[in-house]
Amino acid sequence: MSALEIAAAVRSGERSALDVVEEHLTLIEARDPGLNAYNLVTAEGARAQAAAIDAAVSAGEPVGRFAGVPLATKDNMCTRGIPTTCSSRILEGWRPPYDATVVTRLREAGAVSVGKTNLDEFAMGSSTEHSAFGPTRNPHDPSRVPGGSSGGTAASVAAGFTPLGIGSDTGGSIRQPAAFCGVVGMKPTYGVVSRYGLVALASSLDQVGPFAANVADAAALFDVIAGHDPLDSTSIRDFEPTAQAVLEAGVDGLRVGVVKELAGGSGGVPGLAADVLARTAEAVEALAAAGAVVDEVSVPSSTLGLSAYYLVMPAEASSNLARYDGIRYGLRVDGATTAEMTTATRTAGFGTEVKRRIMLGTYALSAGYCDAFYGKALKVRTMMLEDFARVYERFDVLVTPTTPTTAFELGARTQDPLTMYVNDVCTIPSNLTGHPAISVPFGVGDDGMPVGVQVLAPASHDAQTFRVAAVLEAAA
Amino acid sequence: MSGLVPCATADTPVEPALPPGWELVVGLEVHVELDTATKLFCGCANQFGAQPNTNVCPTCLGLPGSLPVMNERAVELAMILGRALGCDVNRSVMARKNYFYPDMPKDFQTTQYDQPTNTDGRLELADGFVVGIERAHIEEDTGKSVHVGGGGRINEAVYSLVDYNRAGVPLIEIVSRPDIRTIEHARNYVEELRAIVAATEVSDARMEEGSIRVDANVSVRPHGSSELRTRCEIKNINSLRSLGRAIEHEALRHVDLWTTGSGPQQQTRHWDEAAGRTTPGRSKEDAEDYRYFQEPDLVPLEPTPAVIAAIDEALPTLPAARRAALREATGADADAARLLVERGQDSLAMAAAASGADAAKVVTRLVNDLAVDDWSAVDTESFAALIKMESNGELSASQAKVVLGDLVEQGGDPADHAARRGFEAMDSTELESLLDELIVVNPAEWSRLRGGDEVDRKKMQGFFTGQIMKATRGQADGRAVAQLLAQKSV
């Protein structure tokens, strides 16, 4: 059953929310030990919330749009009184005294969070292997990674543990695992969904977004979490979420651009697998068949995204992660002085990838290097914005593969960080520009693993991505 | 009137303190806590003296996932102060200054770096000397560490406690150009800045509560030179008195180092009030690299010309202009003018003088007898009436003081208070007949007053004045008595 079907059944009294939740908890209990999608299953809280929803339904009181729908919450969203670990040792024992805005909105909508899902530590990674709690596995093939960093949420939705999931996307952390796991994942326009309560990786790139097994559920989830939040200064005022409203609109006459640099041609980004490119080409054909006006388009700066991203992201991360100093919360390893205590705590509390990025970022911002590294990356960012603005004068949406390849084997890329970073090459531009993008499943690769196709749109045109994704979903 | 101005003149060291041939070069960095109801980035109370860690929330504790929201009032106050200092108000952005410190919850300070709100202002001192203002930027305050054991020093402490109530309190840092050449001007600059801060109601401006903090950048150079030599930043200056002492000590240290060697090292130093000297903090070699970058969690501040125009429109008359106006209107001297403007009693003084009360008496009465926090019950009309009663002899000086006290307490008409207290003025015939009686009873004393030597006469004047005061239970006007004695004894 889809999320919307479950909600309708619960609202009408046809199904009890408690039964729905119990059914999903049973599934998690049976199958998650093999997948490790969850850092924590909050069964008691979920049951209590479901029972309250059932009581409200019996009493004839209004219940939310997602009444009784089980939800997976990435473990970097603050949940009041419930451990929030970011899959890091450094947050050991910390229970936030407040809820993230997204968490509040979803609870008010009746969605029932069944637990906190695994991620790459502080969302730094593309495979969910960099977790203090062990890797999550891909439900389609447990020898493969689910992608990352929102691998736990992606796996939860793909395994049918929950119809809905919440993730965060800094360089592709929603779309890449969605593609690897064969589910729908969407990164909204920067500022459309509140970041309040999302533990920051890179503040100017982070965005919270929806996961679902189908486009309609994802659109409905987007419509619930989108909207202005006064607690987030970068939140867009007066944004009206209309994703659900355009799902039936079709693509007749829509101008669709195929980004040349991400289509496998010479001079473009190397390393894009043939099967992934073939599925992307088929997706484009499907859009043309549905009436879209398709043309190839060059976005030259899209090839620079990866380099710029791996300066901006670690720079901001190095600052955002400074606060884990052992003084106020989380892990503390004692030392003779404050400085020694902080050093010992951070040495023990952070994993290798986190330390690598903190060092990269600190270096990129340091005196004498800042202009050459961080400063230059900001210039590339500006250049990309101008590039995309020019392209969007001629096109309504752009289509690319979501990932260079299908899901790879566990351990295949952990030894060489650069091969891991290349995973994000197609998804990063949207984070640097702040534009919305969706990944929708479109067939499988030569290995039988899911392939995701990405649809990009200009800022605030989030609904367009769902509109195109709905057509692709129907054609897949 | 030298005792009137707090700490300004009485203990100023003798100037110039430097050996001949050397010139002092000082720039000041003044932190002012903005008087907002809430902190800079959250809704916690901006309040001094609360129980430790009671005015805190996820944002000012820097908890994971928390985000800052700019306090619009703080930005407004910053712009008001900027305009009062003649600054350009610019499009500005917040930046992160990254360094580890236990009382800084996020381990970075949110401040302004290359795009501050206010730039290029000026501050004119009471004597007309102008100090350039480089910038006045917005930033957040840190928490407060308390080191327990080891004499309160961080390195010897047994343990430390941190109070985050102050973390996130809005500050404005006013950075002067290195234009100051004397200790007196350094102190005048801070006093004048404090007066402007008070007049614009940007801060309660209490140095003792830390709502104004001063760091001094000190260097020296040979007289006549225009170079800027190596400077040291002196921190931990808690009063105007310390400011003068710290600058003097540091300048002499520099002269000594230049004279005997290759001069001082650029470094941050701490003023040790008890020892009367500065001690080294961080030197430039191991200085932090703050890795500034634009704060991505906040958006740029872009005041429209209309907003700035509205601020200019609403700007109160500044202390310098008020002092000038007061002196013009009442003939008050510089110290009295400074004091009355500081207390906000200048408009009362001018209004009373304008309504015909004796201007000199107005100033004297205010300076000496209205040094109270709350004088809101004293209105212009009744104050002017009081001064007039004193001028025309209806009240003696001491009676006028008492009635002024009544006005402070209760307001109302001074004549009513005088009547209630029985302060009826004695007319001159009444006074004269009283004196005649006293002459009859004390003939020997009277002849000593008339014919004695200087000492004798003074003594007897005192005797008769005392007798009259005793008989009138203090109601006679001292001056009227003196006049009468002078007339009669000729």
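Please read all numbers here as calculations on a predicted model, not as lab measurements. Throughout, protein chains are lettered first and strands after them, A, B, ... in sequence-line order, and every chain is numbered starting at 1.
- Of residues 367-382 of chain A, those residues with a non-hydrogen atom less than 4.5 Å from any non-hydrogen atom of chain B are, in numerical order, Ala367(A), Tyr374(A).
- In plain terms, the two heavy atoms of Tyr329(A) and Gly62(B) that are nearest each other are OH-O, 3.4 Å.
- Taking 4.5 Å as the limit, some side-chain heavy atom of Arg195(A) sits within range of a side-chain heavy atom of Asp297(B).
- Neither the backbone nor the side chain of Pro96(A) comes within less than 4.5 Å of any heavy atom in chain B.
- Only the side chain of Asn98(B) comes within contact range of chain A, with heavy atoms under 4.5 Å apart.
- Met104(B) CE to Asp325(A) CG: the interatomic distance, rounded to the nearest 0.5 Å, is 9.5 Å.
- The number of heavy-atom neighbours closer than 6.0 Å to CZ of Arg166(B), taken from other residues, nucleotides and ligands shown, is above 12.
- In Arg237(A), the CZ atom is not crowded: 12 or fewer heavy atoms of neighbouring residues, nucleotides or ligands sit closer than 6.0 Å.
- Here the closest heavy-atom approach between residue Ser318(A) and residue Arg291(B) is recorded as OG-NH1, 4.2 Å.
- Only the side chain of Tyr164(B) comes within contact range of chain A, with heavy atoms under 4.5 Å apart.
- In plain terms, the two heavy atoms of Leu231(A) and Leu67(B) that are nearest each other are O-CB, 3.7 Å.
- Within 6.0 Å of atom CZ in Phe100(B), more than 12 heavy atoms from other residues, nucleotides or ligands are found, so the atom counts as buried in its surroundings.
- The line from OG of Ser233(A) to CE of Met94(B) is 11.0 Å long, rounded to the nearest 0.5 Å.
- Residues Pro102(B) and Thr338(A) approach most closely at CG-CG2, 3.5 Å, considering heavy atoms.
- Between Tyr190(A) and Pro296(B) the shortest heavy-atom distance is OH-O, 3.9 Å.
- Looking at Thr84(A), there are no atoms closer than 4.5 Å to chain B (heavy atoms on both sides), in backbone or side chain.
- Atom CZ of Phe108(B) is separated from atom CG of Asn320(A) by 6.0 Å, given to the nearest 0.5 angstrom.
- Remark: Pro83(A) engages Leu40(A), Arg95(A) in a side chain to side chain contact (heavy atoms under 4.5 Å, CB included) (not counting sequence neighbours).
- Considering only heavy atoms from C-beta on, Pro58(B) comes within 4.5 Å of Tyr196(A) through its side chain.
- At a 4.5 Å heavy-atom cutoff, the contact between Ser366(A) and chain B is made by backbone and side-chain atoms alike.
- Within the 4.5 angstrom heavy-atom criterion, only side-chain atoms of Ile327(A), from C-beta onward, approach chain B.
- Enclosure of atom CD in Glu72(B) is not indicated, since only 12 or fewer non-hydrogen atoms of other residues, nucleotides or ligands lie within 6.0 angstrom.
- Atom SG of Cys57(B) and atom OH of Tyr98(A) lie 9.5 Å apart (nearest 0.5 Å).
- A donor-acceptor contact shorter than 3.5 Å links the side chain of Arg328(A) to the backbone of Pro105(B).
- Looking only at side-chain heavy atoms (C-beta outward), Arg96(B) and Ser203(A) come within less than 4.5 Å of each other.
- Distance check: Phe293(B) CZ to Ser204(A) OG gives 8.5 Å after rounding to the nearest 0.5 Å.
- Side-chain contact between Leu63(B) and Pro97(A) is present, with heavy atoms from C-beta onward closer than 4.5 Å.
- Looking at Leu91(A), only its side chain comes within 4.5 Å of chain B, counting heavy atoms on both sides.
- To the nearest 0.5 Å, the span separating CD on Glu295(B) from OG on Ser319(A) amounts to 7.5 Å.
- Environment of CD in Gln51(B): sparse, with no more than 12 heavy atoms of neighbouring residues, nucleotides or ligands closer than 6.0 Å.
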